[in-house]
Student: 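Below you'll find the structure I mean.
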Amino acid sequence: MIGRDGQLRQAEVVQSSGHTELDQAALDTVHGAGPYRPFDSAMGELDSLSITRVWRFGQGNHFGVR
């Protein structure tokens with residue numbers, strides 16, 4: 001969840017991949033992308049924004065230090 005000021009308020013894995021490393025990589029990506037841009041006037045009086053993202057990791061995908 002992102003607050004009106006662009007700060008990440010909450011990030012969670014709703015359904016685990018079954019691999020702690022992959023779940024953590026997804027969370028690290030969301031945290032590392034912050035802070036996000038503050039909301040502008042076009043977003044009205046919205047005080048937070050929730051985004052649901054499906055991550056798909058396949059064979060050949062690599063993350064971390066090699």
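Scope of the values below: all heavy atoms of this structure, side chains included, with no hydrogens, waters or symmetry mates.
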Student: Taking it one step at a time, do Phe39 and Leu49 satisfy side-chain contact (heavy atoms from CB on, under 4.5 Å)?
Tutor: CA-CA 9 Å; Phe39 297 178; Leu49 180 64; 3.7 Å; yes
Student: Is Leu8 reachable from Leu46 through a run of I, L, V, M, F, W or Y residues, each pair having side-chain heavy atoms under 4.5 Å apart?
Tutor: yes
Student: If Ile, Leu, Val, Met, Phe, Trp and Tyr residues are connected whenever their side-chain heavy atoms lie under 4.5 Å apart, and connections chain through other members, are Met43 and Ile51 in the same group?
Tutor: yes
Student: Is it the case that over 12 heavy atoms from other parts of the model lie below 6.0 angstrom from the CZ atom of Arg53?
Tutor: yes
Student: Is Val30 close to Tyr36 at the side-chain level, that is, under 4.5 Å between some pair of heavy atoms?
Tutor: yes
Student: Calculate, to the nearest 0.5 Å, the distance between atoms CE and CG belonging to Met1 and Asp47 respectively.
Tutor: 8.5 Å
Student: With side-chain contact (heavy atoms from CB on, under 4.5 Å) as the criterion, how do Arg4 and Ser48 come out once you've worked through the C-alpha distance, each side chain's angles and the decisive distance to 0.1 Å?
Tutor: CA-CA 5 Å; Arg4 183 168 193 74; Ser48 64; over 6 Å; no
Student: Check for a donor-acceptor pair, side chain of Asp23 on one end and backbone N or O of Val13 on the other, with a separation under 3.5 Å.
Tutor: no
